[in-house]
Amino acid sequence: MPRPATSRLDVRKTYKLYVGGAFPRSESGRTYAVVDGKGSFLANAAQGSRKDARDAVVAARKAFPGWAGATAYNRGQVLYRVAEVMEGRREQFAAEVAAAEGVTARVAQSTVDTAIDRWVWYAGWTDKIAQVVGNANPVAGPYFNLSVPEPTGVVAVLAPQRSALLGLVSVVAPVLAGGSTCVVLASEDRPLPAVVLGEVLATSDVPAGVVNILTGRTAELAPWLAEHRDVNAIDLCGGDPEQAVELERSAADNIKRVLRAGEPDWTSDPGLLRLTAWLETKTVWHPMGV
Amino acid sequence: MPFDYAPAPESRAIVDIKASYGLFIGGEFTDATDGTPFKTISPSSEEVLAEVSEAGPSDVDRAVKAARRAYTGVWGRLAPAERGKYLYRIARIVQERARELAVLESLDNGKPIRESRDVDVPTAAAHFFYYAGWADKLDYAGLGPAPRPLGVAGQIIPWNFPLLMLSWKIAPALAAGNTVVLKPAETTPLTALLFAEICQQADLPPGVVNIVTGAGETGRALVEHPDVDKVAFTGSTEVGKAIARAIAGTPKKATLELGGKAANIVFDDAPIDQAVEGIVNGIFFNQGHVCCAGSRLLVQENVYDEVLDSLRRRLGTLRLGDPLDKNTDIGAINSAAQLARIRELSDVGESEGAQRWSPPCELPEHGFWFPPTLFTGAGQSSRIAQEEIFGPVLTVLTFRTPEEAVAKANNTPYGLSAGVWTEKGSRILWMAGRLRAGVVWANTFNRFDPTSPFGGYKESGFGREGGRQGLAAYLTRGGPGA
């Protein structure tokens with residue numbers, strides 16, 4: 001965090017949750033101390049609870065029909081708007097990333113730039129993915145037959161633990177690009193960039209509830225999301241590999257779509273893996289005749 | 001007014017059923033080393049057709065090893081075009097032996113010969129023919145250059161469309177370059193075992209296709225085998241969940257095609273006669289043993305009487321009886337266990353206050369039979385409106401507005417299929433966009449084609465079968481960083 005040069009006392013920010021478009025504290029009243037790479041105190045982050053997780057799922061479900069029903073062009077513009085607003089806060093994000101990840105200012109700046117560009121990349125996908133993964137099917141009969149991708153629904157995301165911003169954007173943006181909504185557990189030890197991202201989302205025309213960000217203990221909150229019957233899919237990306245096995249078992253109870261734990265190199269080409277993971281194929285038939 | 005029909009039985013002389021069958025492993029029929037043999041019966045007569053081996057864990061292990069050897073030694077190295085030619089051969093032999101397969105399917109499964117002859121077997125051949133052509137075109141499948149097969153696929157199929165489900169599983173897997181171990185359902189193993197002979201006739205390299213017979217324990221051994229790379233399952237949601245749990249924490253990939261409780265929605269402007277045919281086809285095709293069956297009829301309130309009168313009249317003309325009779329519309333229920341489940345849920349429907357109706361219908365003395373049945377006056381939350389019955393039982397509900405139809409149709413943990421009947425094109429597209437189901441049939445129902453992806457939303461499973469999407473389920477991206 002930048003320190004003031006003068007004797008003026010800086011106004012610190014309260015880092016809260018981002019649920020349903022608002023910034024509540026945890027209903028549990030709990031917080032936990034977040035420190036930087038050297039162990040110095042940064043802030044008290046909200047320590048989300050089971051109730052917060054369930055509220056977040058309700059908000060994500062409520063937002064789903066509107067987001068899924070928005071035109072792909074509209075979703076693309078909203079995602080591009082996120083990049084625009086982030087761009088205006090480049091320095092703030094760089095400072096947050098440097099503090100959270102303990103990297104140099106140069107690396108932090110480059111990470112932020114890649115994160116902004118990732119929003120732009122996914123913004124462009126919203127109105128192209130259907131043409132790439134959907135198709136007409138030449139059935140052997142007098143029928144019109146078309147397969148199109150549709151969003152899966154509510155996706156729970158365990159954000160990467162190390163890459164607090166770029167990793168986070170790389171797992172959240174594809175959910176949004178495909179038309180799903182999400183509940184995100186931010187990096188447990190590096191949650192502050194996620195909260196700032198929430199502030200960007202709240203001011204970028206992303207409808208309330210489309211992204212909900214919880215900070216707190218991943219191992220405590222993840223099981224509630226993995227078990228939740230109104231969650232359709234889960235990205236175990238930043239989950240503890242051992243706990244992730246248990247989470248995958250819980251996810252089977254309502255046949256959630258699952259991406260297994262593991263953090264790739266976030267600076268490389270993301271490909272379509274995370275975009276298509278949260279898409280369903282719908283096939284529509286209609287007879288042809290006069 | 002029912003017509004009188006003279007019996008028109010298809011001859012079963014074309015089928016040569018052996019007294020007992022071993023397991024098809026490494027290109028040969030071999031005796032099981034563990035497991036207790038079991039009998040497969042004809043559900044329409046309870047006649048024992050054959051004794052079949054039960055594959056135990058060591059047999060499954062042998063089959064997976066044979067598949068692995070074939071994958072690394074032969075199939076994975078074969079020129080893709082040659083792989084495709086084997087599949088073309090298989091498609092042709094299925095066509096050549098179509099009548100034999102159809103009769104055997106109807107004997108072992110109980111489905112009408114009209115359906116096995118006109119739907120199951122030709123569509124199975126079409127699946128092999130379609131995927132044969134993909135074998136040397138994988139670079140164009142949308143997965144980037146040089147996508148790779150997954151390895152050994154463990155495949156478990158249900159009893160409702162035994163040969164057709166086999167083709168849905170084996171054809172894309174082999175085209176993509178995988179080898180397979182397939183377990184047919186314990187009540188319907190015979191067409192899979194005949195398919196093993198077809199593999200021999202086609203000179204398919206030993207081990208590329210292995211067939212292990214048995215029940216749930218055999219399936220479990222296959223799913224849990226550490227050298228299986230891909231699990232493909234069609235069956236109940238309950239077993240699907242167990243499989244998803246079993247492969248948690250492993251690198252195994254899965255395709256699950258599970259249960260359904262499809263809404264078939266009839267608007268007041270629909271052509272009622274066509275809609276009634278669609279309703280009948282939707283729920284009484286294959287005795288309702290169809291995961292995507294239109295088991296919940298949603299009728300717009302102002303045409304309820306007209307639709308129901310017409311539907312009752314039509315049900316009165318359905319002919320139930322000998323599956324091998326070419327005039328039969330409704331065959332036998334596949335097993336005593338399934339019959340018990342249909343009876344139980346139907347009794348629950350009555351006890352929960354719904355009105356039950358069946359046309360006058362004489363049931364044969366032997367075998368497992370259930371008459372076509374309608375339930376009216378059922379609540380949205382009643383078990384017959386929520387649970388998959390998997391039998392010839394239709395639950396009728398009503399709606400007033402399109403929004404209500406959508407809300408009721410989506411009010412289920414399942415999401416496999418849905419039907420919409422209306423003359424208004426914009427309404428069809430509006431509905432199709434809002435129904436949370438993997439297949440939407442508009443002014444038709446229960447259509448299947450190898451080029452057309454099939455599979456569910458929500459608890460109806462994940463992954464698709466058919467089309468390019470069905471091929472992708474057996475491939476992984478090639479190239480650097482894959």
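Chain identifiers are assigned alphabetically (A, B, ...) following the order of the sequence lines, protein sequences preceding nucleic acid strands; residue numbering begins at 1 within each chain. Below, each value reflects all heavy atoms present in this structure, side chains not excepted, and no hydrogens, waters or symmetry copies.
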Subject >> Tyr88(B) atom OH, neighbour heavy-atom count above 12 within 6.0 Å >> reply: yes
Original post:
So, do Arg260(A) and Thr250(B) sit near enough that their side-chain heavy atoms are less than 4.5 Å apart?
Top reply: yes
Subject >> Asn254(A) and Pro413(B), any side-chain heavy atoms less than 4.5 Å apart >> reply: no
Original post:
Pick from Gly142(B), Gly144(B), Ala437(B): which one has the most heavy-atom pairs with chain A under 4.5 Å?
Top reply: Ala437(B)
**OP:** For residues Gly153(A) and Arg436(B), report the shortest heavy-atom separation together with the two atoms involved.
**Re:** N-NH2, 4.0 Å
Subject >> Lys62(A), NZ atom: more than 12 neighbouring heavy atoms under 6.0 Å >> reply: no
Subject >> Closest-packed option against chain A by number of heavy-atom pairs under 4.5 Å, given Ser417(B), Pro251(B), Ala442(B) >> reply: Ala442(B)
Original post:
With distance as the sole test, does Lys282(A) use its side chain to make a donor-acceptor pair with the main-chain N or O of Leu435(B) at under 3.5 Å?
Top reply: yes
Subject >> Student check: side-chain heavy atoms of Asp449(B) and Tyr143(A) closer than 4.5 Å >> reply: no
Subject >> Heavy-atom closest contact (Thr451(B) atom, Asn137(A) atom, distance) >> reply: O-OD1, 3.2 Å
Subject >> Trp285(A) side chain reached by Val439(B) side chain, heavy atoms, under 4.5 Å >> reply: yes
**OP:** Please look at Thr281(A) and chain B and tell me whether the side chain, the backbone, both or neither of the residue comes under 4.5 angstrom of a heavy atom of that chain.
**Re:** both
Subject >> Val132(A) portion near chain B, given a 4.5 angstrom heavy-atom threshold >> reply: backbone
**OP:** Taking the side chain as every heavy atom from C-beta outward, state whether Arg229(A) and Glu459(B) have any atom pair closer than 4.5 Å.
**Re:** yes
Original post:
How many angstroms lie between CD in Glu248(A) and CZ in Arg245(B), if you round to the nearest 0.5 Å?
Top reply: 11.5 Å
Original post:
For chain B, which of Val245(A), Val139(A), Asp265(A) has the most heavy-atom pairs under 4.5 Å?
Top reply: Val139(A)
**OP:** With a 4.5 Å cut-off on heavy-atom pairs, point out which of Val284(A), Leu247(A), Val258(A) contacts chain B the most.
**Re:** Val284(A)
**OP:** State, yes or no, whether a side-chain contact exists between Val440(B) and Thr283(A) at a heavy-atom distance under 4.5 Å.
**Re:** no
Original post:
If you check every heavy atom in residues 232-243 of chain B against those of chain A, which residues fall under 4.5 Å?
Top reply: Gly240(B), Lys241(B)
Original post:
Does the side chain of Ile428(B) come within less than 4.5 Å of His286(A)'s, by heavy atoms?
Top reply: yes
Original post:
With a cut-off of 6.0 Å (strictly less than), are more than 12 heavy atoms of other residues, nucleotides or ligands near NZ of Lys51(A)?
Top reply: no
Original post:
Which bit of Ala244(A) is near chain B, if near means a heavy-atom gap under 4.5 Å: side chain, backbone, both or neither?
Top reply: neither
Subject >> Contact class of Asn232(A) relative to chain B, heavy atoms under 4.5 angstrom >> reply: side chain
**OP:** With a 4.5 angstrom heavy-atom cut-off, could you sort out which part of Thr152(A) is near chain B: side chain, backbone, both or neither?
**Re:** backbone
Original post:
Hey, which of Gly249(B), Ala244(B), Ser452(B) has the most heavy atom pairs under 4.5 Å with chain A?
Top reply: Ser452(B)
Original post:
Considering residues, nucleotides and ligands other than Glu404(B), do more than 12 of their heavy atoms fall under 6.0 Å from its CD?
Top reply: yes
**OP:** Pull out the residues in residues 461-473 of chain B that come under 4.5 Å of chain A, heavy atom to heavy atom, sorted by number.
**Re:** Gly461(B), Phe462(B), Arg464(B), Arg468(B), Gln469(B)
Original post:
Tell me, side chain or backbone of Tyr130(B) under 4.5 Å from chain A's heavy atoms, or both, or neither?
Top reply: neither
**OP:** Look at atom CZ of Arg162(A) and say whether more than 12 heavy atoms of other residues, nucleotides or ligands are closer to it than 6.0 Å.
**Re:** no
Original post:
Does the side chain of Leu272(A) reach to within under 4.5 Å of the side chain of Arg477(B), using non-hydrogen atoms?
Top reply: yes
Subject >> Neighbour count above 12 (heavy atom, 6.0 Å) for Arg92(B) CZ >> reply: no
Original post:
What part of Asn145(A) lies closer than 4.5 angstrom to a heavy atom of chain B: side chain, backbone, both or neither?
Top reply: side chain
**OP:** Under 4.5 Å, counting heavy-atom pairs only, tell me which of Gly433(B), Ala126(B), Gly455(B) racks up the most with chain A.
**Re:** Gly433(B)
